[in-house]
Amino acid sequence: MKRPRSSLPAQIRRGVREPHLVVRRLNELYFDLHRQYADRQDRVDFFEEDWDNLLLLDACRYDTFADVVDLPGTLEYRHSRSSSTIEFLSQYLDGRDLTDTVYVTANPQHYRKSDRGFVSVDFHDVVEIWQEDGWDETFRTVRPETVADATERAAGRYPNKRLLVHFLQPHYPYIGPTGQEHFDNDSLDFFNRVMNGEVDIEDEILWEAYRENLDVVVPHVERLLESLRGKTVVSADHGEMFGERAFPLPMREYGHPSGIHTEELTKIPWHVYDEGPRKDIVEGDAAATETEDVATDVVEERLRDLGYA
């Protein structure tokens, strides 16, 4: 599935204004051509793995997870075929029959990509938490306790379905103490603005805010490990970069651009908690309930709040 691109003149004009995007595109072409990460033996196919509940932490690096998180169970790692949520949707969801699965998501990207016809997947149901009451206007995100609440309701309603649960944290915006102290509300295209020098923030502060965002979500993940029935895996759709060098052109990267398959972006946690009886998973019809229509400007505003262009 190809990503839609702007016209060539518009791309050239933006490349002149923001030369790091040209370098990024060349690095992306390198990964497209060599596919060395896509061909890893240990790359994960999320839906071929054995789990009853898969809890995804958006933009969660394996190394940070291993340093910060202490959960019951066993920690391993996998390599993802995606370096962004958009790539996760296209690489892992598009074209699949997942009528044995309910998707509980705080990220509006699935809704936007499905609404525009770029991703087509059959879930038994989709719970779009970011709509209406699920969105926290103060922090401009979906709080992790809101995701945990919605997940437990879905578990009660669909006891014989796999649950794919998509938290937003540790993804920007940063809602811990450091985030509240150092970051304003102007979040549009956040990491691109960091690379342009429009946001003057030290890497150490970014790191601290990111770690705190992981601290914020962990108690609610642990709550779900205790309350959900069956085998639960805690993982991520992709990682995050904070000034590490990409390759082959060694530009310092920030955020999680699509197509840049560095170790920081593709190495993800795979934490397994397997206690108690398993679910008896059964398939069902697609779209058991209709997803509420949301105005395009609302969807785009939510995504801007999350730092997307």
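When a residue number appears, it is its place in the shown sequence, counting from 1. Worth knowing before you read on, the calculation uses all heavy atoms, side chains too, and leaves out hydrogens, waters and symmetry mates.
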Same cluster for I260 and F247 if Ile/Leu/Val/Met/Phe/Trp/Tyr side chains link at under 4.5 Å? yes
Keeping the roles fixed (side chain from N53, backbone from L164), state whether a donor-acceptor pair exists under 3.5 Å. no
Would you confirm whether the ring centroid of F190 sits within less than 6.0 angstrom of the ring centroid of F183? yes
Between S80 and S82 (side chain of the first, backbone of the second, donor and acceptor by atom type, cut-off under 3.5 Å), is there such a pair? yes
Could you pull out all residues at least two apart from E226 that satisfy salt bridge (charged side-chain N to carboxylate O under 4.0 Å, His left out)? none
Quick test of your reading of the model: are R96 and E48 salt-bridged, counting only N-O distances below 4.0 Å? yes
Taking T138's backbone N and O only, do any of them form a donor-acceptor pair with D136's side chain (distance below 3.5 Å, no angle check)? yes
Across all chains, not counting sequence neighbours, the side chain to side chain contact (heavy atoms under 4.5 Å, CB included) partners of R278 are D50, D52, K231, D274
Going by an N to O cut-off under 4.0 Å, is there a salt bridge joining R223 and E145? no
Check ring pair (Phe, Tyr, Trp, His ring centres under 6.0 Å) between H171 and all other residues, then give those that pass, not counting sequence neighbours. H256, Y308
Kindly indicate, with the supporting measurements, whether the criterion ring pair (Phe, Tyr, Trp, His ring centres under 6.0 Å) is fulfilled by Y62 and W270. CA-CA 8 Å; Y62 168 77; W270 193 261; over 10 Å; no
Please list all pairs meeting salt bridge (charged side-chain N to carboxylate O under 4.0 Å, His left out) that have one or both residues in residues 251-262, counting only residues at least two apart or in different chains. R24-E253, D203-R252
side-chain hydrogen bond (donor to acceptor under 3.5 Å, both in side chains) partner of H261, chosen from H79, R81, E87, E28: E87
Please say yes or no: joined through hydrophobic side-chain contacts below 4.5 Å, possibly via intermediate residues, are Y158 and V282 part of one cluster? no
For D63, the side chain to side chain contact (heavy atoms under 4.5 Å, CB included) test, sequence neighbours excluded, returns R61
Checking E283 now: which residues fulfil salt bridge (charged side-chain N to carboxylate O under 4.0 Å, His left out) with it, not counting sequence neighbours? none
If you measure from the Lys or Arg side-chain nitrogens to the Asp or Glu carboxylate oxygens, is any gap between R78 and E76 under 4.0 Å? yes
Of all residues at least two apart in sequence or in a different chain, which pass the side chain to side chain contact (heavy atoms under 4.5 Å, CB included) check with V218? V69, L71, L214
Treating Ile, Leu, Val, Met, Phe, Trp and Tyr as nodes and any side-chain heavy-atom pair under 4.5 angstrom as an edge, say whether F139 and F167 lie in one connected cluster. no
Considering only distance and modelled atom types, tabulate donor-acceptor pairs under 3.5 Å from the side chains of residues 173-180, sequence neighbours left out.
from : atom 1 : to   : atom 2 : distance (Å)
T178 : OG1    : E212 : OE1    : 3.2
T178 : OG1    : E212 : OE2    : 2.8
Q180 : NE2    : I175 : O      : 3.0

Evaluate the side chain to side chain contact (heavy atoms under 4.5 Å, CB included) criterion for residues H182 and L206: first the C-alpha distance (whole Å), next the side-chain angles of each, then the deciding distance (0.1 Å), finally the verdict. CA-CA 9 Å; H182 290 280; L206 282 172; over 6 Å; no
Among residues at least two apart in sequence or on other chains, which ones pass ring pair (Phe, Tyr, Trp, His ring centres under 6.0 Å) with F88? F46, Y92
Could you work out, with ring pair (Phe, Tyr, Trp, His ring centres under 6.0 Å) as the rule, every residue matching Y254, not counting sequence neighbours? none
Which of L57, V216, L168 passes side chain to side chain contact (heavy atoms under 4.5 Å, CB included) with P144? It is V216
Within the 4.5 Å heavy-atom criterion, are D305 and W135 side-chain neighbours or not? yes
Write out all pairs satisfying ring-ring contact (aromatic ring centres under 6.0 Å, His included) with one or both partners inside residues 193-228, taking only residues at least two apart or from two chains. W207-F242, Y210-F242
My understanding is that only residues two or more places apart in sequence, or in another chain, count here; which of them pass side chain to side chain contact (heavy atoms under 4.5 Å, CB included) with S120? D94
